[in-house]
Amino acid sequence: MGVVILLVMAAGVAAMLTRKLPTAFALVLLGVVIAFVAGAPLTGENSVLDTVLQEGAPALAATMIAILLGSWLGRLLDETGIAGTLVRKIVEFGGDRPVVVALGVLAVSTLVGTVTGSAPAAMLAGIIGIPAMIAVGIPKVTAAGTILMGIAAGMPFELPIWQFFSTALELPVPTVRGFVLKLFPFALAAAVLFVLVETRRRGVEHAWSLKSASAKPASRREQLGDAPWYALLTPVVPLVLALGLEVAILPSMLAGVLFALVTTTRPRDMNKRLLRTLYGSFEVAAAPIVLFVAIGILLAAVKLPGAVESLEPLVKAVSPQNPVLFVLVFTLLVPLCLYRGPLNVYGLGAGIAGVLIAAGIYPAVAVLGLATSYNQVFGVADPTSTQTVWSAQYAGTTPQQVMLRTLPYVWAVALGGLCVTAATYL
């Protein structure tokens, strides 16, 4: 039976890779089929309808709300000009020094990456940052990669990420926070190294020789005036509350929303801006929320007793227990989290993580280390991720070129995370 479940998973991966089915639809279908193969009844305890669909769909509800709040805060950073002001100030400070401009945009991208992820984060930092970098001679691929490496450096501080791994792996938020913060030095070092190495290795390309984003007309975002200096502290507010004062994740993010509103908006305009940005955030958050519904269904399916019993001997046979082998094997498997592969935590990788925990193959904290290390790679180098596609296209290059340039750096970040995992939890 375990072999059949693995074949079903392989078919699901094939459907996602060939784009025969959208990822969310494929995960739901996988969950239902796995449940039936595992011998789950249609209704009742540990059943397809009541357990997998009814209980699985809202299982990650806290994460969905965190994603929505992050998108709301991102819309406010955009509409109020906070993000644009941060980038403009950095560019003005850097002048015509390419490395200084790139490091400044990297810093802003890191800050934005603590608030929200995916394409919205790339847009907040990149709409002004990418043309500015290209204008001072930074190659297009390096400009796009700088935005992505910055977002990934901020990812360990992204509150919705904490909530997702806490709920999906059934770990306390402090445990999740404690590990993902260990990834920050690796991610930051890789990001800075990327800028320093790539800007020198590729040399300076004159803006007049490029058909680049800098030639595009100014958008509404670029025409916004500067936000007040104190409003620029908005991205830090949720972090101070959640990390420094240990306030719960959702209230911390709501506080960031309110701070952005109060510091940038006249009282008579607050209601309109609140509603407009909230409704706009649903457009941004819709896709990840649907994905998290599907992940919840898949997690419920692979945790069914029949699925665990069938998969445990197979998974245990191929899972390295020696810490050194653990690091070597899972470092070599890093590419399997790309192109929506089987180790992508926002796809089938979530199901595999559930199996590893439910079957007792690894401690939940070790699976956390594995999943978050891979997530650092996916967030930068996956040519199918929305932030990679947007950044590459806006800079005038391709996601595949960005992947080839950034992959060695984020692969090293994953290696660092896996070494910490093996040394701490195995």
Side-chain angles (χ1 to χ4, degrees), residues 1-18 20-64 164-171 289-321 330 333 336-337 340-368 370-371 374:
M1 199 66 68
V3 174
V4 176
I5 293 177
L6 291 179
L7 290 174
V8 169
M9 289 182 170
V13 171
M16 288 184 278
L17 286 175
T18 58
K20 299 294 184 184
L21 281 176
T23 300
F25 293 173
L27 295 180
V28 172
L29 185 59
L30 271 177
V32 173
V33 174
I34 288 172
F36 278 123
V37 172
L42 188 61
T43 60
E45 187 178 0
N46 293 322
S47 66
V48 176
L49 296 183
D50 295 329
T51 303
V52 175
L53 295 178
Q54 176 66 26
E55 297 178 13
L60 300 177
T63 302
M64 299 176 206
F164 169 63
F165 285 111
S166 172
T167 307
L169 304 182
E170 298 180 1
L171 287 168
I289 286 176
V290 170
L291 184 59
F292 285 124
V293 170
I295 290 174
I297 290 172
L298 178 62
L299 284 172
V302 298
K303 290 179 181 178
L304 290 172
V308 172
E309 291 173 8
S310 300
L311 290 171
E312 181 178 2
L314 295 174
V315 176
K316 197 165 189 176
V318 298
S319 300
Q321 299 298 314
F330 285 112
L333 295 179
L336 293 182
C337 71
R340 304 290 173 177
L343 294 182
N344 181 347
V345 71
Y346 297 115
L348 188 56
I352 293 175
V355 172
L356 292 174
I357 294 174
I361 308 299
Y362 298 122
V365 285
V367 177
L368 169 69
L370 177 63
Y374 281 175

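Hydrogens, waters and symmetry mates play no part in the numbers below; they use all other heavy atoms, side chains included. Residue indices begin at 1 and follow the sequence shown.
When side chains are defined from C-beta on, I34 counts as touching L298, because their heavy atoms get closer than 4.5 Å. Here the side chains of I295 and L27 are in contact, with some heavy-atom distance below 4.5 Å. At least one side-chain heavy atom of Q321 sits less than 4.5 Å from a side-chain heavy atom of I361. Proximity of L60 to F164: side-chain heavy atoms (C-beta onward) are separated by under 4.5 Å at one or more points. The closest side-chain heavy-atom distance from M9 to V302 is below 4.5 Å. The closest side-chain heavy-atom distance from V48 to P41 is not below 4.5 Å.
K303 has a carboxylate O that lies under 4.0 Å from a charged side-chain N of E170, or vice versa, which qualifies the two as a salt bridge.
A distance-only check finds no donor-acceptor pair linking the side chain of D50 to the backbone of T43 [under 3.5 Å]. Using modelled atom types, one side-chain atom of Y374 and one backbone atom of F330 make a donor-acceptor pair closer than 3.5 Å. Of the possible polar contacts, none joining the S47 side chain to the A40 backbone as a donor-acceptor pair under 3.5 Å is found.
Within the structure, side chain to side chain donor-acceptor pair (under 3.5 Å) pairs that include any residue of residues 343-358 do not occur (at least two apart or interchain). Applying the salt bridge (charged side-chain N to carboxylate O under 4.0 Å, His left out) test to residues at least two apart or on different chains, none of the pairs has a partner in residues 31-49.
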